[in-house]
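One structure is given here, and the rest of the page talks about it.
As the structure is a prediction and not an experimental result, all values here were calculated from the model.
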Amino acid sequence: AKVTDIVGMYLNPPANAIVLCVDEKSQIQALNRTQKVLVMQPGHNEQRSHDYVRHGTTTLFAALEIATGKVTGLCKDRHRHQEFLGFLKHVARAYPEQELHLVMDNYAAHKRVEVRNWLTANPRIKVHFTPMSGSWLNLVEVWFGIVERQAIRGGTFVSVRELIGKICEFISSWNNRKHPFIWAKTPDEILAKIDRKRKLTSTPGH
């Protein structure tokens, strides 16, 4: 029921509400990539060897708005429930009036009592947890793949601050050209796929 409810909410969002996919991408490394020229040997071309100097990490918390593709992001130095709760408050300030429906996974930090208490005190924010095998339902994971390929992978960063600056710059650029992610399949095809997966995992021997 959880899976079909989430798919249904994506395809037919609640009236006067915002649906957001929420997650974090942890341990993003600020790598300073240097190249050393190797001494040329007879019969071999000059070669370059890549060295990496690690300058620390950051965690990117992000909320992807289903209807528009807009991303609300925040980088934190750690990956605990305190930082996650801080991000939820940041999202609440970004959407101060609307009812919010947050889709997220079952990561322990997302279910800490401090987070649950805050959500109880803010009833306009409702949470929908994806099932253990349903992480593919969280569309912010698709966006994390995009930011990894276009802003992080292969980049050279002399500090965590520079890495965060690059991520923030990417988010700003993304929001200027944002677009919603479109399901490639019809609702019936999506639900049929879910049903097949459910039957497969419930079959003995799998």
Applying side chain to side chain donor-acceptor pair (under 3.5 Å), can you list everything that pairs with [X], at least two apart in sequence or on another chain?
X	answer
Glu65	Thr68, Tyr95
Glu114	Arg112
Lys111	Asn106
Asp77	none

query: Does Ser173 have any side chain to side chain contact (heavy atoms under 4.5 Å, CB included) partners at least two apart in sequence or in another chain, and if so, which?
result: Arg177

task: Sorted by first residue and then second, give each salt bridge (Lys or Arg N to Asp or Glu O under 4.0 Å) pair with at least one member in residues 160-169; sequence neighbours left out.
output: none

statement: So salt bridge (Lys or Arg N to Asp or Glu O under 4.0 Å) across residues 131-150, not counting sequence neighbours, yields Lys25-Glu148, Glu148-Arg153

query: With Tyr10, which residues qualify under ring-ring contact (aromatic ring centres under 6.0 Å, His included), at least two apart?
result: Trp183

statement: Those residues at least two apart in sequence (or on a different chain) that pass ring-ring contact (aromatic ring centres under 6.0 Å, His included) with Phe87 are Phe61

- request: Would you please classify the geometry between the His179 ring and the Trp174 ring as parallel, tilted or perpendicular, with 30° and 60° separating the classes?
  value: tilted

field: Hydrophobic cluster of Val113, others only, ordered by chain and residue number, side-chain cut-off 4.5 Å
entry: none

Show me the donor-acceptor pairs, under 3.5 Å and distance only, between side chains in residues 96-105 and residues at least two apart or in other chains.
unit_1, atom_1, unit_2, atom_2, d
Glu99, OE2, His101, NE2, 2.6
His101, ND1, His128, NE2, 2.8
Asp105, OD1, Tyr107, N, 3.0
Asp105, OD1, His110, ND1, 3.1

- prompt: Can you list the residues that meet the salt bridge (charged side-chain N to carboxylate O under 4.0 Å, His left out) rule with Arg80, with sequence neighbours excluded?
  reply: Glu83

query: At what distance, to the nearest 0.5 angstrom, does OG1 of Thr156 lie from CG of Leu31?
result: 8.5 Å

From Ile171 atom CD1 to Leu60 atom CG, the distance as rounded to the nearest 0.5 Å: 5.5 Å

